[in-house]
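All remarks here apply to the structure that follows.
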Amino acid sequence: MRKGRLTIYNTLSGNKELFCSINKDFVGMYVCGPTVYNYVHLGNCRTFISFDLAYRYLLHLGYQVRYVRNITDVGHLESDADEGEDKISIKARLEKLEPMEIVQQYTIDFHQVMNAFNALPPNIEPTATGHLIEQIEFIQSILKNGFAYESNGSVYFDVEKYNKAFPYGELSGRKIEDLIANSRALDGQNEKRAPLDFALWKNASAEHIMKWPSPWGIGFPGWHLECSAMSGKYLGETFDIHGGGMDLKFPHHECEIAQGCAATGQKPVNYWMHANMLTLNGKKMSKSAGNSLLPNELFSGENNLLNKGFDPMVVRFFMMQAHYRSTLDFTSDALSAAEKGFKKLMLSLENLAVIVPSDQSTIEVSSLVDSFYDAMDDDFNAPALVANLFEAVKQINAILEGKESLKKEDLALLKDEMCGFVFEVLGLKPILEKSADNRLVGVMDLIMDLRTSARENKDWSTSDKIRDGLLNAGIHVKDEKNGASWK
RNA sequence: GGUCUCGUAGCCAAGUGGUUAGGCACCGGUCUGCAAAACCGUCUACAGCGGUUCGAAUCCGCUCGAGACCUCCA
């Protein structure tokens, strides 16, 4: 346990702040989840992996964390023109399916992908459609406090009125005057009093397929609202950490703050965290721009951008080599580099497991361990942690070569902390080799035996032929001091 | 157009007033029949110009370049 030194960059203040949870030893964390109208792409995954890292480190520090990440299954409009259509409805019509079939299909995909990336599941994964009552009640609170108005069966948030009581634009650093000056005049905004106002509840036309009854008529909830309603329900009126992608800062998170303040009179969140984008060819990865890569394409290598497939753990390690607040550029070359580094780290951990303790230590294990914590305490600086882990790798190699040594307690500490940081905090795990069946093992024993005989007789042409032939079959032969091995 | 962020060696990427980041590649070496793998070593950069400072990649200004948000987005 080493609580009390963690600093988090808070978007609200623009500074790294010492993290102090509302309730000692407990942390409430909410992260905006995906809208399940399509397959999650790699950029989406980066955000969730970034917050998985934060979640894991908080757990590692000994906090009891309630991690809530929603599934948006309604209310996310195609555009903000308010005549925009719900993303899920569009997909449902196109594929001639029930909206909930779309939701189910892509939720399952999302879970499979997150699982492949070894991301821990959240403690609660609420859906918007499962919390309509909470959303309606939330709107009623805002209406009661006078920060919203009803118009033609819809309810809108009154941004200008709110701005007189609370600052609007604090999170994204925007001034309401600038926003008004720059907002576009869109068609179909007759219901709204001002362009900046956003929908809390929208009335539904007859042909609309996803709709529910409400005090204002048949309709559906606004996108910004669900996160306020669900985070409030499970984490309270004010909670510790709210995360999401950088692109949600405005307007989504700004609106969440406004909704929270308008409903309860207090700021809903203490620490706002924003994960940066994954870029492809220097541009933000995004579905709508057609600039995205799907995880399964990456794993299989079936994409023109890739030379080969990559294991999910390699991709995760690749992401851990960049700070969550920096953009990360995706290239096949960068991923290949990460693959080698990842294997080096994993090999070193295997070696660490078999090191024999000595009478004395020539390495200061405690300062190595401190460097791990220092890195992560500094706003979850995973790339610095990785660099420090490679320092440890260097030391482990020196021990293997007999240049350095560790006594029992130090060795145990190093094993404990390295495994803790690599497996629990970074969330990496060894790549499972395809297990060979018994018959192959028997055949390989025979072949390796024959090759060893050939080598003993200096029959290099035979031994090389066996080695090359096996390589073609995808089996690598390694000649080591104590004999050859294969995998 | 407005707001903001970034520009670090061949590539990816930390750092953010003074001390080697790290990974990959390259090159040299150890090992090896040869190779592969592994290990060791080497390479030592901060877009440009100007300013502040004893000292700047780090702070300030300007220029150039890239990106994000302002419209759905993780």
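All chains are named by letter (A, B, ...) in the order of the sequence lines, taking the proteins before the strands, and each is independently numbered beginning at 1.
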May I ask you to evaluate whether A:Lys394 reaches the phosphate of B:C40, defined as a side-chain N or O under 4.0 Å from OP1 or OP2? no

Using a heavy-atom cut-off of 4.0 Å across all strands, would you classify A:Ser463 as base, sugar-phosphate, or nothing? base

Determine the Euclidean distance between corresponding P atoms of B:U8 and B:A66; express it in Å to zero decimal places. 14 Å

Among B:C69, B:A74, B:G67, which nucleotide sits nearest the side chain of A:Phe250? B:C69

Paired nucleotide for B:A38 [Watson-Crick or G-U wobble; both distances under 3.5 Å]: B:U30

Take atom C1' in B:A45 and the same atom in B:G33, then report the distance between them in whole Å. 42 Å

Which nucleotide sits closest to the side chain of A:Ala322: B:A13, B:G22, B:A74? B:A13

Once you measure the plane-to-plane angle for A:His253 and A:His242, does it fall in the parallel (<30°), tilted (30-60°) or perpendicular (>60°) bin? perpendicular

Looking only at atom C1', what distance separates B:G41 and B:C26, rounded to whole Å? 14 Å

Could you give the CG-to-C1' distance, from A:Leu278 to B:G67, as a whole number of Å? 14 Å

If I pick the C1' atom on B:A57 and the same atom on B:U44, what distance separates them, to the nearest angstrom? 13 Å

Value in whole Å for how far the P atom of B:G15 lies from NZ of A:Lys16: 6 Å

Which whole number of Å gives the distance between the C1' atom of B:U63 and that of B:A14? 28 Å

Quick check for you: among B:G23, B:A14, B:A13, whose closest atom lies nearest to any side-chain atom of A:Ala384? B:A14

Atom pair distance, as rounded to whole Å: CZ in A:Phe390 and P in B:U20: 20 Å

What class does the angle between the rings of A:Tyr324 and A:Phe380 fall in, given that below 30° is parallel, 30 to 60° is tilted and above 60° is perpendicular? perpendicular

Among B:C34, B:G15, B:A74, which nucleotide has an atom closest to any side-chain atom of A:Met277? B:A74

Just checking A:Ser326: base, sugar-phosphate only, or nothing, at a heavy-atom cut-off of under 4.0 Å? sugar-phosphate

Does the plane of the ring in A:Tyr162 sit parallel, tilted or perpendicular to the ring in A:Tyr168? Use 30° and 60° as the thresholds. perpendicular

From CG of A:Asp464 over to P of B:A36, roughly how many Å is that when rounded to an integer? 12 Å

side-chain hydrogen bond (donor to acceptor under 3.5 Å, both in side chains) between A:Tyr156 and A:Glu191, worked out: CA-CA 9 Å; A:Tyr156 290 94; A:Glu191 292 179 352; 2.7 Å; yes

Name the pairing partner of B:A14, where a pair is Watson-Crick or G-U wobble with both distances under 3.5 Å, or state none. none

For a quick check, tell me whether the side chain of A:Arg467 and the base of B:A35 share a donor-acceptor pair closer than 3.5 Å. yes

Interatomic distance where NE2 belongs to A:His41 and P belongs to B:C72 [whole Å]: 16 Å

Closest nucleotide among B:G67, B:C34, B:A74 to the A:Arg455 side chain: B:C34

Under 4.0 Å, counting only non-hydrogen atoms across every strand here, what does A:Lys343 touch: a base, just sugar-phosphate, or nothing? nothing

Aromatic ring pairing A:His252/A:His224, orientation class (parallel under 30°, perpendicular over 60°, tilted between): tilted

What does A:Asn388 touch in the nucleic acid at a heavy-atom separation under 4.0 angstrom: a base, only the sugar-phosphate, or nothing? nothing

We want to know whether A:Ser461 and A:Asp459 form a side-chain donor-acceptor pair, criterion being a heavy-atom distance below 3.5 angstrom. yes

Taking the minimum atom-to-atom distance to the side chain of A:Arg451, which one of B:G33, B:C70, B:A14 wins? B:G33

Nucleotide nearest A:Ala334 when distance is taken to its side chain, options B:A74, B:C34, B:C12: B:C12

What is the pairing partner of B:A66, taking Watson-Crick or G-U wobble pairs with both distances under 3.5 Å in any strand? B:U5

Does A:Gly282 or A:Asp378 map to a spot on RNA chain B nearer the 5' end, using the closest nucleotide for each? A:Asp378

Would you say A:Ser154 and A:Asn203 are linked by a side-chain donor-acceptor pair, where the criterion is simply a distance under 3.5 Å? yes

Report the residue (A:Lys249 or A:Asn276) whose heavy-atom-nearest nucleotide on RNA chain B is the more 5′ of the two. A:Lys249

Within the structure, does a side-chain N or O atom of A:Lys344 lie under 4.0 Å from either OP1 or OP2 of B:A37? no

Taking B:A47 as the reference, what is the distance to B:G7 when you measure between their P atoms (whole Å, please)? 7 Å

Just N and O in the side chain of A:Lys340: are any of them under 4.0 Å from OP1 or OP2 of B:A25? yes

Partner of B:A45 under the Watson-Crick or G-U wobble criteria, both distances under 3.5 Å, comes out as none

When you compare B:U53 with B:G17, how far apart are their C1' atoms, in angstrom units rounded to a whole number? 9 Å

By the 4.0 Å heavy-atom rule, please label A:Lys175 as base, sugar-phosphate, or nothing. nothing

Measure from CG on A:Asp333 to C1' on B:C24 and round the result to the nearest Å. 10 Å

Separation of B:U30 P from A:Asn397 CG (nearest whole Å): 19 Å

Which whole-number value in Å describes the distance from A:Phe318 CZ to B:G23 P? 17 Å

Name the closest nucleotide to the A:Trp460 side chain, picking from B:A74, B:C70, B:G33. B:G33

Only residue of A:Val315, A:Leu298, A:Thr279 satisfying side-chain contact (heavy atoms from CB on, under 4.5 Å) with A:Phe330 is A:Leu298

Using the C1' atom on both, measure B:G18 against B:G55 and round to a whole Å. 6 Å

Tell me which nucleotide among B:G2, B:C24, B:A74 gets nearest to the side chain of A:Ala337. B:C24

Check every strand shown and say whether A:Lys458 touches a base, only sugar-phosphate, or nothing at a heavy-atom separation below 4.0 Å. nothing

Check the orientation of A:Tyr57 and A:Phe421. Use parallel for under 30°, tilted for 30 to 60°, and perpendicular for over 60°. tilted

Pick base, sugar-phosphate or nothing for A:Ala275, based on heavy-atom distances below 4.0 Å to the nucleic acid. nothing

